[in-house]
Amino acid sequence: MTTELLFRDDAYLKTAAARVVAVHERGIELDRTIFYPQGVGQVGATGLLLREWGEPILIADTRKGDVIDSVLHVPIAGMPRPEVGETLALEIDWERRYKLMRLHTALHVMSCVVVAPVTGGNIAPDKGRLDFDIDMSLLDAEKIERETNVLITRGVETETVWITDEALDARPELVKTMSVQPPRGAGRVRLLKIPGIDLQPCGGTHVKNIAEIGGIRVIKIRSEGRRNKRVEIALA
């Protein structure tokens, strides 16, 4: 069954309550969640599920289920398993989540400094990267860092925009990522809009204002093949 994705409307939620709807070898499914499942290059959320009498179930990872908008909470080995129908308190690792939100939004900003098709990406708590189909000679770490940070200082509010599958098909220029296509089939697609800077499909978690990023530093640029030039960044 599908899960109500609370983080989709409010990525800043640190706690919530949810009911257990399924428990199996792959993980725990809830009727609603603040845990982001691994996707669009962003690692899955970690944290804990707290039973009514205070027993914690530590969550090591969060993954997508078999149907659209279903979420699997993957406990650490040896953790107790809840019963179907149980109500749990959800607590995410907020410090980790917020770093991911800042880095993910920073990559959106950087993708408007390096103007080239994106061939891949990854966001972890300590660093993020984008791979570009671009000539290596066109990538200058100091320039990328400086221009990205200049955009961040604008302090622009981010917005969530929804469009239909058909509307997205009619505007292929919105899809920057060559390796992963936005999920279709639900009838609509979620976009992140940074007015005057970026607009593209993304289901990840982002900060409300790009000023929250604080700044980035480019830590590495290297070639990963003929069509993959990697730019790695960290928070300043």
Side-chain angles (χ1 to χ4, degrees), residues 1-13 16 18 21-22 29-45 62-73 90 92 97 100-123 128-133 151 154-210 212-213 227:
M1 64 175 293
T2 60
T3 308
E4 182 184 356
L5 307 180
L6 300 176
F7 60 80
R8 183 175 279 174
D9 293 321
D10 187 356
Y12 290 78
L13 286 174
V21 296
E29 296 187 51
L30 307 171
D31 64 341
R32 61 209 300 258
T33 191
I34 55 176
F35 284 71
Y36 177 82
Q38 179 176 305
V40 295
Q42 182 175 322
V43 296
T62 309
R63 297 296 179 103
K64 294 179 180 179
D66 294 329
V67 300
I68 292 175
D69 290 348
S70 65
V71 176
L72 301 173
H73 305 77
L90 284 56
I92 59 167
R97 157 69 68 80
L100 290 166
M101 289 164 59
R102 292 165 66 201
L103 273 168
H104 197 149
T105 313
L107 290 177
H108 279 266
V109 177
M110 188 183 74
S111 74
C112 300
V113 172
V114 182
V115 182
V118 176
T119 56
N122 183 259
I123 308 105
R129 66 166 171 85
L130 288 178
D131 297 343
F132 297 96
D133 184 2
L151 290 175
R154 290 188 187 178
V156 177
E157 297 281 331
T158 65
E159 302 174 17
T160 295
V161 180
W162 292 91
I163 64 171
T164 64
D165 292 351
E166 295 75 18
L168 181 61
D169 290 339
R171 299 187 63 187
E173 74 279 1
L174 293 178
V175 182
K176 295 182 179 181
T177 306
M178 299 167 61
S179 58
V180 180
Q181 287 294 308
R184 290 171 170 81
R188 62 178 190 163
V189 177
R190 184 174 184 254
L191 308 181
L192 176 71
K193 181 178 181 180
I194 309 175
I197 296 175
D198 189 37
L199 176 65
Q200 62 175 297
C202 189
T205 57
H206 312 97
V207 292
K208 293 177 180 177
N209 188 302
I210 62 174
E212 295 177 53
I213 299 167
R227 300 190 67 186

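Keep in mind that this is a model prediction, so the values were computed, not measured.
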Taking atom NE2 of His104 and atom CG of Leu192, what is their separation to the nearest 0.5 Å?
7.5 Å

Find the distance between NZ (Lys208) and CG (Asp10) and round it off to the nearest 0.5 Å.
5.5 Å

Arg97 side, atom CZ; Leu13 side, atom CG - distance, nearest 0.5 Å
8.5 Å

Sub-3.5 Å donor-acceptor pair from the side chain of Arg102 to the main-chain atoms of Glu212, do we have one?
yes

CG of Leu130 to CE of Met110, rounded to nearest 0.5 Å, is 4.0 Å

Backbone N/O of Ile210 and side chain of Thr105: donor-acceptor pair under 3.5 Å
no

Quick check for you: to the nearest 0.5 Å, what is the distance between Arg129 atom CZ and Leu103 atom CG?
13.0 Å

Do side-chain atoms of Asn209 reach the backbone of Gly155 as a donor and acceptor pair under 3.5 angstrom?
yes

Just wondering, do Leu30 and Leu90 contact through their side chains at under 4.5 Å, heavy atoms?
yes

Check the side chains of Thr205 and Gln42 for a donor-acceptor pair under 3.5 angstrom, ignoring hydrogens and angles.
yes

d(Asp133 CG, Arg227 CZ) to nearest 0.5 Å is 4.5 Å

State, with a plain yes or no, whether a side-chain heavy atom of Phe132 is found less than 4.5 Å away from one of Val118.
yes

So among Thr3, Thr33, Thr62, which one has a side-chain hydrogen bond (donor to acceptor under 3.5 Å, both in side chains) with His73?
Thr33

